[in-house]
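First up is the structure itself, then whatever we jot down about it.
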Amino acid sequence: MADKNISYWLMKSEPSAYGIKDLQNEKETLWDGIRNYQARNFMRSMQKGDLTFFYHSNCKPPGIVGLMEVIDTHLIDPTQFDSNSKYFDPKSDQKKPRWDCAKLKYIKTYNKILTLKEINEKFNSEELILIRKGNRLSIMPINRLIAQDLFKILDEG
DNA sequence: GCCAACGTTGGC
DNA sequence: GCCAACGTTGGC
């Protein structure tokens with residue numbers, strides 16, 4: 001599989017807001033609108049070349065649908081200064097922006113969704129319990145071994 | 001700095 | 001629509 005030095009992530013998005021098809025059409029996107037400090041900090045620690053699973057949340061069925069690559073990091077999130085945006089943050093200072101984000105590139109859509117149900121059946125690990133009811137973390141790290149297991153399942157589907 | 005009230009996420 | 005989980009806010 002890929003380079004040994006890269007990290008793996010999972011990013012959630014509601015397909016009604018922004019789904020894998022939107023990314024496929026746009027080819028790449030700024031992952032803006034993140035307003036949770038822990039998620040932001042994970043995004044800050046991303047590096048170019050990292051691989052990210054695209055997870056569809058709040059839909060039927062929820063699950064991993066595709067793969068992305070991190071192509072840029074530490075970009076200012078423009079929505080924080082846009083008073084028309086739902087992500088507008090009046091407390092953010094132009095000189096010291098509170099929110100930043102990464103840029104992601106579309107790699108692929110998997111033939112089959114790896115549903116949350118299947119994930120929960122196949123993994124007992126603490127890692128993927130992070131995908132659960134009430135969890136507000138929309139960006140999370142995935143450890144290398146679990147990532148490899150996920151690739152194995154996803155690529156043969 | 002504590003903690004109760006409140007808001008959001010997201011599976012079911 | 002319900003509600004568990006949990007982050008955020010604000011009074012003190």
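Residue numbers start from 1 in every chain, and the chains themselves are labelled A, B, ... in the order their sequence lines are given, proteins ahead of strands.
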Atom-to-atom span, CH2 of A/W99 to P of C/dT8 - whole angstrom: 7 Å

Test of understanding: with side chain to side chain donor-acceptor pair (under 3.5 Å), list the residues that count as partners of A/S92, not counting sequence neighbours. A/Q80

Would you say B/dG10 has OP1 or OP2 under 4.0 Å from some side-chain N or O of A/K12? yes

Hydrophobic cluster of A/Y87, others only, ordered by chain and residue number, side-chain cut-off 4.5 Å: none

Check the distance between B/dG10's C1' and A/K117's NZ and give it to me in whole angstrom. 18 Å

Measuring centre to centre across the rings, with the benzene-like ring taken for any Trp, is A/Y55 within less than 6.0 Å of A/W9? no

A/I34 CD1 to B/dT8 P: how many Å, rounded? 16 Å

What's the closest nucleotide to the A/Y55 side chain, out of C/dT8, B/dG11, B/dG10? B/dG11

Using five base pairs at each end to define the local axes, how bent is the helix from B/dG1-C/dC12 to B/dC12-C/dG1, to the nearest 10°? 10°

What is the minimum heavy-atom distance between A/E69 and A/I107, and which atoms define it? CB-CD1, 3.6 Å

To the nearest angstrom, how far is A/I113 atom CD1 from B/dG11 atom P? 12 Å

Determine, stepwise, if the pair A/F53 / A/F151 fulfils ring pair (Phe, Tyr, Trp, His ring centres under 6.0 Å). CA-CA 10 Å; A/F53 297 101; A/F151 281 128; 5.1 Å; yes

Result block: side-chain N/O donor-acceptor pairs under 3.5 angstrom for residues 57-67 of chain A, not counting sequence neighbours:
residue	atom	partner	partner atom	Å
A/N58	ND2	A/E14	OE2	3.2

Over how many whole Å does the gap from A/R35 atom CZ to C/dT8 atom P extend? 13 Å

Are more than 12 heavy atoms from other residues, nucleotides or ligands located less than 6.0 Å from atom CD1 of A/I76? no

Sequence neighbours left out, what pairs pass salt bridge (Lys or Arg N to Asp or Glu O under 4.0 Å) with at least one residue falling in residues 76-86 of chain A? A/R35-A/D77

With nearest nucleotide decided by heavy atoms, which residue, A/N58 or A/K91, maps closer to the 5′ end of DNA chain C? A/N58

Using whole Å, what does the distance between atom P of nucleotide C/dT8 and atom CZ of A/R98 come to? 10 Å

Round to a whole Å and report the spacing from CG of A/N36 to P of C/dT8. 6 Å

Nearest of B/dG11, B/dG10, C/dT8 to any side-chain atom of A/Y37? C/dT8

Could you go through nucleotides 4-7 of chain B and list every protein N or O atom that sits under 3.5 Å from one of its N or O atoms, giving the distance for each pair?
residue	atom	partner	partner atom	Å
B/dG7	N2	A/R136	NH1	3.3

Distance in angstrom units between A/D89 CG and C/dT8 C1', rounded: 13 Å

Using every non-hydrogen atom in the two residues, find where A/F81 and A/F88 come nearest and quote the distance to one decimal. C-CD1, 3.8 Å

